[in-house]
Amino acid sequence: MAPRKSTSAPSVLDKLRNMDEISIIKLSDPITNSATESGARTSDASNSSDSRTTPATLEADLIHYTELFSKLRFSYVEQVTKEKFIRAIVGDPPLIVTTRENFELEQENMEAKARLKALKTEVAEMIEELERKGRELSAKHQHIKMQTTRLEELPSQLKELTAHIDDLRVASEISASADHDLNLPLGKTQDLVLQKQSQLQDITRELEALQSKLPRKRKEGERLLAELGPLETKQQTSAAAARDAKRRKEASLGGVGDDLEQRARWWRANEAVLTRLLNIQS
């Protein structure tokens, strides 16, 4: 079994593009061809330099032929009437028309005029309906042309959207691999949200407890700072006094103090070593 061939979008668009001709233009071909072959037309519309048939030229041709037909009909009626009148006069015997025959002819003429008027009204209605349908078809034709143009743009737009979707998919995969929590199913995501909310509540409670202790701690800190000031002053005074006493002592001993201090350190080190060796408790 042969595979079924699917109709592609470009082929459909080509068919729509090939149907772009206005069909009413083709209706003028028999008129223009017959007029060209007979050579009887000498109107301004036929002598136009623009040989391309358009709706405007068709309308001009219609007006021209309407006026020409009216003149031709008037000339024909006039010629036939003259011919009948002359034959009636010169005939043997001459044709004599009575009043009754004139009356009957008038009645027939009135009936024919009424039928002609009805036919003209019907033709006018048909022309109006054709014009209305022509306008509708023209609007549909323009709509189809716009839709055809949009269809021609759709393949490129689809390619751009497909490329954008691929980029978003790659970015989503990268973000999911970077953070496992973002790629969890709905149930685990809800559990994780509840866990994070519980942790947030615990942290909020701890923060509130710390905030409640903050004023008391601040007061204690201020009190300690207040107490620390005199102590620092006293320490500086004591350090200055100690340095002064040491300087006076060294000056009175003439450098013997340093030697005594080093000997005291040596004795204390020896005492500590002997104590550890003999396990003697002091």
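For CD of Glu128, the number of neighbouring non-hydrogen atoms (other residues, nucleotides, ligands) closer than 6.0 Å is 12 at most. The environment of Glu59 atom CD is sparse: at most 12 non-hydrogen atoms of other residues, nucleotides or ligands sit within 6.0 angstrom.
At least one donor-acceptor pair closer than 3.5 Å links the side chain of Ser212 to the backbone N or O of Ala209. At distances below 3.5 Å, not a single donor-acceptor pair connects side-chain atoms of Ser198 with backbone N or O atoms of Leu194. Proximity of a side-chain donor or acceptor of Ser138 to a complementary backbone N or O of Gly134 within less than 3.5 Å is not detected.
Atoms OG1 and CE, from Thr149 and Met146 in turn, are 8.0 Å apart once rounded to the nearest 0.5 Å.
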Query raised in the report: Step by step, would you call Glu222 with Arg218 a salt bridge (charged side-chain N to carboxylate O under 4.0 Å, His left out)?
Result: CA-CA 6 Å; Glu222 292 176 353; Arg218 184 181 291 112; 5.4 Å; no
Report task. Show your reasoning for whether side-chain contact (heavy atoms from CB on, under 4.5 Å) applies to Glu122 and Met126. Result -> CA-CA 6 Å; Glu122 184 178 357; Met126 290 177 62; 4.3 Å; yes
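A salt bridge is defined here as a Lys NZ or Arg NE, NH1 or NH2 lying under 4.0 Å from an Asp or Glu carboxylate O, and Glu67 with Lys71 fails to meet this definition. Between Arg100 and Glu104 there is a salt bridge, since at least one side-chain N of the basic residue sits less than 4.0 Å from a carboxylate O of the acidic one. Look at Lys188 and Asp191 and you find no salt bridge, because none of the NZ, NE, NH1 or NH2 atoms lies under 4.0 Å from a carboxylate O. In summary, Glu136 and Lys140 do not engage in a salt bridge, as defined by a charged side-chain N under 4.0 Å from a carboxylate O.
For the pair Arg216/Glu220, a side-chain contact is recorded, criterion being any heavy-atom separation below 4.5 Å from C-beta on.
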